[in-house]
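Notes for the one structure printed next.
Order of listing sets the numbers, starting from 1, for every ligand and every atom in it.
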Amino acid sequence: MTEALFVINAGSSSIKFKLYGVAGGDLDLILGGAFDGIGSKPRLKVRDHDGATLVERSYETAEVPDAEAAQHAVSDWLIPHIGDLRIVGVGHRVVHGGPTYSHPVLVDDAVMKTLESFIPLAPLHQLSNLDPIRVLRQRRPDLPQVACFDTAFHRDHPELADRFPLPRELYDEGVRRYGFHGLSYEYVHGALAAVAPGVAAGRVVVAHLGSGASLCAIDGGRSIETTMSFTALDGIPMGTRTGSLDPGVVLHLIEQKGMSAAEVGHMLYYESGLLGLSGISNDARDLRASAAPEAAMALDFFALKVAQAIASLTVSLGRLDGLVFTAGIGENDADMRGQIVGRLGWTGLAVDDAANRAHARNIEAKGSAAPVFVIRTDEELMIARHTLRLLRQAAPVSGAVSGAAEAP
Ligand code: ADP
């Protein structure tokens, strides 16, 4: 019977999942999918490892009213489709490991309690992430579950990267620069080490430019500093999020415009960034395709802020041995990569136009001050790897992990 691992990335309106076969030390993608539109237009879409559609169906909102119902719907589809696979564990993306976790952890009662105590640090995300863990623990208490944190990769960054210039007691209460996208940075750094070990051993900046976006300074595999901080709002502008903003603007919106905290929060998270700047779209593809000057300005603003972040992170590193682009925009938008590196021309960094257009792995021009890479990220595979490692540690003898004939 083939063993398999299930990976869940649960958000407030969607559950993304992947199923991997475990053969020896290898993880092979079997299928991946998403249940999205929870509470509005529920939809399940699953593709096999070649990208062929296995199912694409919509549900009535009343049929799948919440995340728990969506989890059951995924399970109902999965069970008849997993054949003789034996699911030996489930890995979860959990946004917050708080100040406590610098590594993934096998979930038990005490861990669950600790993770729940971090809900105030990321109310929407943490609740959504913990929900499937809780439901699965009730349904399948025998099934090992592993929590993998977006914050963990940054946990041992230096104190200067961990603090806000606020009264000390707030730091002690947990108001710190946690940083996110850690699973992506860890994966990308590993992939970089496979193709350019010398660079990965040195000082690199990774730019994770997706609809959520941040950058990280990594020294020999260790996160030194990152642009997101207490929440995933900080740093560079994103699809709909502001990135860093004068806190006085928030006070102005509340005190002068009479907006509630919830209204301000909605504006900062969902109405700003590329969408707010352009007034057109949060999607870089739409902005590239638009002839409107506002679209060009939004993209130029984004490129400027990313270039500034790279320069700033390079100060923390003391030197730049390599720059890596990843995630939706970083992997696919050659113009954006060109604009960003173009703004860093004074550093001696330069891209080769043909290589950049071809989305080659190395896109630096001859004579560039440092190599520039394009590396596809894979956060789910990182979660699967961590999960497998922890399961092996918990039960090193093959087959000793309590199995399951049933899907999660
Ligand atoms: P997330 O995982 O944060 O939702 P992704 O890493 O999948 O985001 O990135 C999604 C974003 O990437 C899209 O919103 C879009 O702006 C951008 N993107 C994807 N493909 C392209 C492309 N070919 N050109 C420009 N931008 C792209």
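Because its NZ or CZ atom is both nearer than 6.0 Å to the ring centre of Phe301 and within 45° of the ring axis, Lys305 counts as a cation-pi partner of that residue. Cation-pi check for Arg57 over Tyr59 is met; the charged atom lies under 6.0 angstrom from the ring centroid and within 45 degrees of its normal.
Of the candidates Val46, Leu85, Leu31, Leu78 forms a side-chain contact (heavy atoms from CB on, under 4.5 Å) with just one, namely Leu31.
Under the 6.0 Å cut-off for aromatic ring centres, His96 and Phe180 qualify, their centroids lying closer than that.
Near ligand 1, heavy-atom contacts under 4.0 Å come from Gly210, Ser211, Gly212, Asp283, Ala284, Arg285, Ala327, Gly328, Ile329, Asn332, Asp333.
Judged as a ring-ring contact (aromatic ring centres under 6.0 Å, His included), and not counting sequence neighbours, the contacts of His154 are Tyr185.
Atoms CZ and CZ, from Arg222 and Arg155 in turn, are 11.5 Å apart once rounded to the nearest 0.5 Å.
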